[in-house]
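Following this message is one structure expressed as structure tokens.
Proteins come first, then strands; the chains are lettered A, B, ... in the order of their sequence lines, and each starts at number 1.
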2 protein chains.
Amino acid sequence: MSTIKDVANIAGVSIATVSRVVNNGPKVGNKTRDKVLKVMAEIGYTPNANARALVKQKNTTLGVVIPALNDPFFASLANGVERIARDKKQHMLLSTGGFSSESELNAINLLIEQRCESMVVHSKKLADDTLIELSKKVPGIIFIDRLVPSIEERCIWLENTEGGKIAARHLLALGHTQFALLNSNFDIEDPSLRRKGFVETIENLNSKQANIQEINHEPTLKGGEMAAQQLLSLNIPFSAVFAYNDAMAIGAISVLEDNGLRIPEDVSVIGFDDVLLSQYSRPKLTTMHYPIEIMAENAAKLAIEFSHNQQSKSDFKHRYIPNLVKRESTSSCG
Amino acid sequence: MSTIKDVANIAGVSIATVSRVVNNGPKVGNKTRDKVLKVMAEIGYTPNANARALVKQKNTTLGVVIPALNDPFFASLANGVERIARDKKQHMLLSTGGFSSESELNAINLLIEQRCESMVVHSKKLADDTLIELSKKVPGIIFIDRLVPSIEERCIWLENTEGGKIAARHLLALGHTQFALLNSNFDIEDPSLRRKGFVETIENLNSKQANIQEINHEPTLKGGEMAAQQLLSLNIPFSAVFAYNDAMAIGAISVLEDNGLRIPEDVSVIGFDDVLLSQYSRPKLTTMHYPIEIMAENAAKLAIEFSHNQQSKSDFKHRYIPNLVKRESTSSCG
DNA sequence: TTGAAAGCGGTACCAA
DNA sequence: TTGGTACCGCTTTCAA
């Protein structure tokens, strides 16, 4: 691949001049500019971003860490970041962190080696202290989907507890009293926060007759199916299901329907996340909308801002509340 | 961020020595190694990948170009590439190419600037000649989901025509004779290839009574709905639908069901791609499985191999045939 | 308006 | 086993 030197030689100018025309620098004669441009096109010169980053001590790379790409939720996250990257003429370097603390740290270190000036990181496994350390080392790092005390300005998070509350209120308003909570068995705090909001609300508003059966499984379609099967085998009455996410909700629905229960006539089901899937399912899924794409966009903007200024000037929204999207899978009880 | 020089100064050794321990180089005294390691940890030294790439004239970056991230098909593609990248200790740089030739070219140039040694590119809009040029300039570039004559060894593609044939055979075997083809209206060759295989097979095997009605729309859920509506308004008989992709198939199913048609009793529907969605839908979708993730993995391996050797030694599979996944949305006619 | 040259953070060769 | 140093491709000051 040709270098700036090649261009300079062929065009009969100095590399400084070539550099100027490449960067639209000032004070270059029109004749010279044209000549250089012509040579560049002829030999297919492309500037080396590595060399550039080295001397300029800065990068146009925005790094992202997500657990995996093939999950629609994280795909939306990445998509939001990517949109901002494109807007701000940055490149996006994506690194997957899997579901363990070592691989999360690996993924982050990779981005640091590349000297990404800004980073949007989804980490559930790393300890608060580690993230605080990282925030000191990398001015432009933002943690999404997580609240780390003492560095809240570097975090963008969802109030999971509120999500549980809103779901509970919706189901209570529909007259339900017998609940099933199909929760994730992943060892992160989200499931317990959602449970907390859900359970507390129900107990507060309807302490007498209410009953909540919780079953934990993988937060996947399969996990939802298995949770529903287990629920049925318990042989206890229920008319409303709150699932940890849309995949579990849809898995549960398919098992419930296979067992002769109609959704929503016999059982109301409410999901979480509002991934594309929930609009495709039949019945269309009532769910808690998780504004992950908007959160990701803001995280990206915030990351870029921090990397430039060390201090955010704009008043960004850091704390998000999910909202209910009423579709077809919930209805009044009885 | 601290540099190799800082480490050398503090540890009281030369930068050459530090470089050796960083790279696990040979012949470093144990004492020296420990001392350097200690300093590195203390000041949180992380090597600069840009500087490294510059001097070594090579990168550990694998570039990917896809139109967008929020489409499950492309997410699978990216996921396959990412898996290989991780295996081969490469980083993945992702650049979205949108749906126009300029933005596709932009995305590719971005990766070239970063000097990605290997690249997996999904391009539908760029002309063959452009891709041939690119393949000369970048030894490690592989085109996925596309067949460019004269550089077939740099391509990994699916035989869309075969997909159409297999779908047709399946429906014919079930006794169907009245077909609807809900095709994509995108200006790429895939829709016409699938149509070709579908139509030819039906005409060959059942020229007398067969009838095929084609309707074109966006290859999305919405497009499928609209296509189905249009189909119904035509008021012609049909018992089998071949959709361009799963999203269209599922959109069509919802409209057909809303109009009192049962799937598959009244109408058989077959999709294409076999994205996750098709297993979540009810009834579960019969579809043509597009092995995109495996293709992507192979494209990534091939790209890395080409970037190293200029010539692929392994005998890679370049040409893929989709296969039928029989689920619940098709059944025998009448 | 142009060119010379220092230097960004590393690697790797050659000497010591 | 260690250190000195040229150099990777580019930007940017300083002079001309």
(request) Identify the heavy atoms of A:Ile84 and A:Lys301 that sit nearest to each other, and give their distance. (result) CD1-CE, 3.6 Å

(request) Using a heavy-atom cut-off of under 4.0 Å over every strand shown, decide if B:Thr3 touches base, sugar-phosphate, or nothing. (result)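 Sugar-phosphate: the residue B:Thr3, judged by heavy atoms under 4.0 Å, touches backbone atoms but no base.
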
Distances under 3.5 Å only, N/O to N/O: pair up the protein atoms with those of nucleotides 13-16 of chain C.
none

(message) Both B:Val28 and B:Leu54 contact DNA chain D. Which one's nearest nucleotide lies toward the 5' end?
(response) B:Val28

(request) Looking at every strand, decide which applies to A:Asn23 at a 4.0 Å heavy-atom threshold: base, sugar-phosphate, or nothing. (result)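 The residue A:Asn23 makes sugar-phosphate contact but no base contact.
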
(message) Is there a side-chain contact between A:Arg52 and the phosphate of D:dT11, meaning an N or O under 4.0 Å from OP1 or OP2?
(response)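 The answer is yes; a side-chain N or O of A:Arg52 sits under 4.0 Å from OP1 or OP2.
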
(request) List the atom of A:Gly80, the atom of A:Glu297, and the distance in Å for their closest heavy-atom pair. (result) O-CG, 3.5 Å

(message) To check you understand the geometry: which heavy-atom pair defines the closest contact between A:Pro149 and A:Ile132, and what is its length?
(response)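 Closest approach of A:Pro149 to A:Ile132: O-CD1, 4.1 Å.
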
(message) Any donor-acceptor pair under 3.5 Å linking the side-chain atoms of A:Asn59 with those of A:Gln114?
(response) no

(message) Rounding to an integer number of Å, can you tell me how far B:Asn59 CG sits from D:dC8 P?
(response)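 Between P of D:dC8 and CG of B:Asn59: 17 Å.
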
(request) Starting from C1' on C:dG9, measure out to CD1 on B:Ile15 and report it in whole angstrom. (result)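 My rounded result for the distance is 8 Å.
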
(request) Considering just the side-chain nitrogens and oxygens of B:Thr32, establish if one lies under 4.0 Å of OP1 or OP2 belonging to D:dT2. (result) yes

(request) Would you kindly give the CG-to-C1' distance between A:Asn9 and D:dC10, to the nearest whole Å? (result) 15 Å

(request) Write down the distance between CD (A:Gln114) and P (C:dG9), rounded to a whole number of angstrom. (result) 16 Å

(message) In whole Å, I'd like the distance from the CZ atom of B:Arg33 to the P atom of D:dT1.
(response)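 It works out to 10 Å between those atoms.
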
(message) Does B:Thr46 reach a base, just sugar-phosphate, or nothing at all? Heavy atoms under 4.0 Å.
(response)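 Result for B:Thr46 = sugar-phosphate.
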
(request) Could you check whether B:Val13 gets within reach of a base, just the sugar-phosphate, or nothing at all, counting any heavy atom under 4.0 Å? (result)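 Contact class for B:Val13: sugar-phosphate only.
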
(request) Decide if atom NZ of A:Lys58 counts as having more than 12 heavy atoms of other residues, nucleotides or ligands within a radius under 6.0 Å. (result) no

(message) With a 4.0 Å cutoff (strictly under), does any side-chain N or O of B:Gln57 reach OP1 or OP2 of C:dT11?
(response) no

(request) To the nearest Å, give me how far apart CG (A:Asn48) and P (D:dG9) are. (result)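 Roughly 7 Å, once rounded to whole Å.
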
(request) Select one nucleotide: of D:dC10, D:dG3, D:dC8, the one nearest the side-chain heavy atoms of A:Lys5. (result)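 When the side chain of A:Lys5 is considered, D:dC8 is the closest of D:dC10, D:dG3, D:dC8.
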
(message) Both B:Ser14 and B:Lys56 contact DNA chain D. Taking the nearest nucleotide for each, which residue is further toward the 5' end?
(response) B:Ser14

(request) Can you tell me the distance, in whole Å, between the CD1 atom of A:Ile4 and the C1' atom of D:dG9? (result)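 Taking CD1 of A:Ile4 and C1' of D:dG9, I get 7 Å after rounding.
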
(message) For B:Asp145, is there an ion pair with B:Lys124 - N to carboxylate O distance below 4.0 angstrom?
(response)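 Here B:Lys124 pairs with B:Asp145 in a salt bridge, since their nearest N and O are under 4.0 Å apart.
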
(message) Whole angstroms only, please: what is the NZ-C1' distance between A:Lys27 and D:dT12?
(response)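 Result: 14 Å.
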
(message) Under 4.0 Å from OP1 or OP2 of D:dG3: is there any side-chain N or O of B:Thr17 that close?
(response)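 So the side-chain polar atoms of B:Thr17 do come within 4.0 Å of the phosphate oxygens OP1 or OP2 of D:dG3, strictly under.
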
(request) Identify the two heavy atoms, one from B:Ala11 and one from B:Val39, that lie closest to each other, and give their separation to 0.1 Å. (result) CB-CG2, 3.8 Å

(message) As a test of understanding, state which of B:Ile112, B:Val65, B:Val121 forms a side-chain contact (heavy atoms from CB on, under 4.5 Å) with B:Ile141.
(response) B:Val121

